[in-house]
Amino acid sequence: MSVGGLDVDKLAVLRELAERGSVTAVADATYRTPSAVSQSIKALERDLGTVLVERQGRGVRLTEAGRLLAEGAVEIAEVVARTRARFEEFRGDVRGEVTVTAFPSGAEMLLAPLAPRLAAHTPGVTVRLSDLDLAEYELAGATADHDVVVGHSVVAVPEPLATGLHVTSLLREPVDVAVPEGHPLAGRERVRPEDLVGEPWIGVPPGHPFDLVLPMLTVDGQAPRVVQRFLDNHVAAAFVASGQGIALLPRLWATTAQVKGVRLLGLEGVRAGRHVFALSRPDRAERAAVRRVLTELEEIAAELAGQLSR
């Protein structure tokens with residue numbers, strides 16, 4: 001298909017190169033050979049009489065003209081997806097598979113109820129679900145391989161203009177301090193950073209959201225001492241319950257997961273909470289099936305948030 005003399009399929013390959021960064025990565029993602037990817041871009045260059053890609057060390061990078069066309073490819077894909085979605089809704093026949101991935105505790109809270117709700121409300125839409133625990137800076141890149149990426153941050157919901165992505169804010173939940181039931185602080189409802197000085201901490205790997213909260217708990221130059229690091233909240237809670245340290249746990253997850261042997265204490269003096277959001281490429285977010293999935297996720301999140309006010 002061509003638009004204004006531009007081959008849309010070749011533009012899509014250029015867009016993938018702009019977002020994935022290498023010919024090999026584009027080949028893997030689009031089920032082509034690296035040679036076929038290179039030939040497609042060269043053909044587009046011949047059509048336009050313009051160099052779009054140039055060598056950079058062992059790899060390649062887009063020229064200014066290449067970047068301009070890659071951005072245009074995103075806009076074209078959005079228009080096509082939006083038009084197709086309107087037609088599907090006009091016919092009352094919204095269907096398709098949507099790939100959704102989320103960080104593990106988000107998958108427990110948000111993805112577990114998703115498929116049954118879609119089956120009840122929009123049976124033509126199916127989901128392929130997975131969990132993927134990524135550092136915050138890796139979330140945007142995951143949208144190349146998934147229609148919806150559910151992530152979290154202790155800083156803020158990403159800005160669409162900054163990321164170039166469609167962003168759906170889902171919920172914000174407090175982060176509590178988890179201590180063993182027999183801990184001296186277990187009888188408290190709330191604690192402050194100065195109450196936690198000298199405690200051993202069960203943390204998360206560097207780069208993951210909760211690791212950004214711990215430095216906020218530094219008192220008089222004494223930073224929290226992390227003795228173990230785990231990705232899985234269940235593992236962290238088990239270490240807390242066995243008396244090996246204290247940890248930060250998201251309140252909603254800890255409540256819905258019914259963590260045993262642990263007391264959750266509110267944290268004063270630090271604005272600690274996690275923002276949960278969904279990221280999608282702009283054109284994928286225009287798909288009617290993806291919009292239905294995002295609507296269901298918003299409704300599930302609203303029901304969960306309602307538990308915080310009870």
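Note that this is a predicted model, so its numbers are computed, not measured. Residues: numbered from 1 along the sequence shown. No hydrogens, no waters, no symmetry mates; every other heavy atom, side chains included, goes into these values.
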Any non-hydrogen side-chain atom of [X] less than 4.5 Å from a side-chain atom of [Y]?
| X | Y | result |
| --- | --- | --- |
| Leu132 | His146 | yes |
| Leu297 | Val148 | yes |
| Val37 | Leu17 | no |
| Leu110 | Leu114 | no |
| Val227 | Gln244 | no |
| Leu14 | Val53 | yes |
| Leu252 | Leu171 | yes |
| Glu173 | Leu304 | no |

Just grab all the salt bridge (Lys or Arg N to Asp or Glu O under 4.0 Å) pairs involving residues 239-256, residues at least two apart or on different chains.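 Checked against salt bridge (Lys or Arg N to Asp or Glu O under 4.0 Å) - neighbours excluded - the pairs reaching residues 239-256 are Asp176-Arg251.
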
Mind checking what makes salt bridge (Lys or Arg N to Asp or Glu O under 4.0 Å) contact with [X], not counting sequence neighbours?
| X | answer |
| --- | --- |
| Arg291 | Glu89, Glu286 |
| Glu71 | none |
| Arg263 | Glu189 |
| Glu108 | none |

Taking every non-hydrogen atom, the tightest pair across [X] and [Y]:
| X | Y | answer |
| --- | --- | --- |
| Asp133 | Phe103 | OD1-CB, 4.4 Å |
| Ile202 | Ala247 | O-CB, 3.5 Å |
| Thr63 | Val51 | OG1-O, 2.8 Å |
| Asp211 | Pro206 | OD2-CA, 3.5 Å |
| Val127 | Ala115 | CG2-CB, 3.9 Å |
| Leu170 | Ala301 | O-CB, 3.4 Å |

As an exercise, state the distance from [atom1] of [X] to [atom2] of [Y], rounded to the nearest 0.5 Å.
| X | Y | atom1 | atom2 | answer |
| --- | --- | --- | --- | --- |
| Leu69 | Arg67 | CG | CZ | 11.5 Å |
| Lys42 | Asp47 | NZ | CG | 14.5 Å |
| Glu298 | Thr168 | CD | OG1 | 5.5 Å |
| Asp28 | Glu16 | CG | CD | 12.0 Å |

Would you mind checking if Arg274 and Glu136 are paired as a salt bridge, meaning a charged N to carboxylate O distance below 4.0 Å? no

Test side chain to side chain donor-acceptor pair (under 3.5 Å) applied to [X] - qualifying residues, sequence neighbours left out:
| X | result |
| --- | --- |
| Glu268 | Arg190 |
| Ser169 | none |
| Thr99 | Asp147 |
| Arg61 | Glu54 |

Indicate yes or no for a side-chain donor-acceptor contact from [X] to the backbone of [Y] under 3.5 Å, with no hydrogens or angles considered.
| X | Y | value |
| --- | --- | --- |
| Thr101 | Ser130 | yes |
| Glu88 | Ala289 | no |
| Asp195 | Arg192 | yes |
| Thr218 | Pro215 | yes |
| Ser40 | Ala36 | no |
| Arg284 | Ala144 | yes |
| Ser242 | Ala238 | yes |
| Glu199 | Leu196 | no |
| Arg15 | Val74 | no |
| Thr143 | Leu279 | no |

For Val197, the rest of its hydrophobic cluster, which grows through side-chain links under 4.5 angstrom: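 In the cluster with Val197 are Val219.
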
State which residues pass ring pair (Phe, Tyr, Trp, His ring centres under 6.0 Å) with Phe230; sequence neighbours excluded, sorted by chain then number. Phe239

Holding to ring pair (Phe, Tyr, Trp, His ring centres under 6.0 Å), I want the full list of residues that pass it with Phe277, two or more places apart in sequence or in another chain.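 Ring pair (Phe, Tyr, Trp, His ring centres under 6.0 Å) list for Phe277, sorted by chain: empty.
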
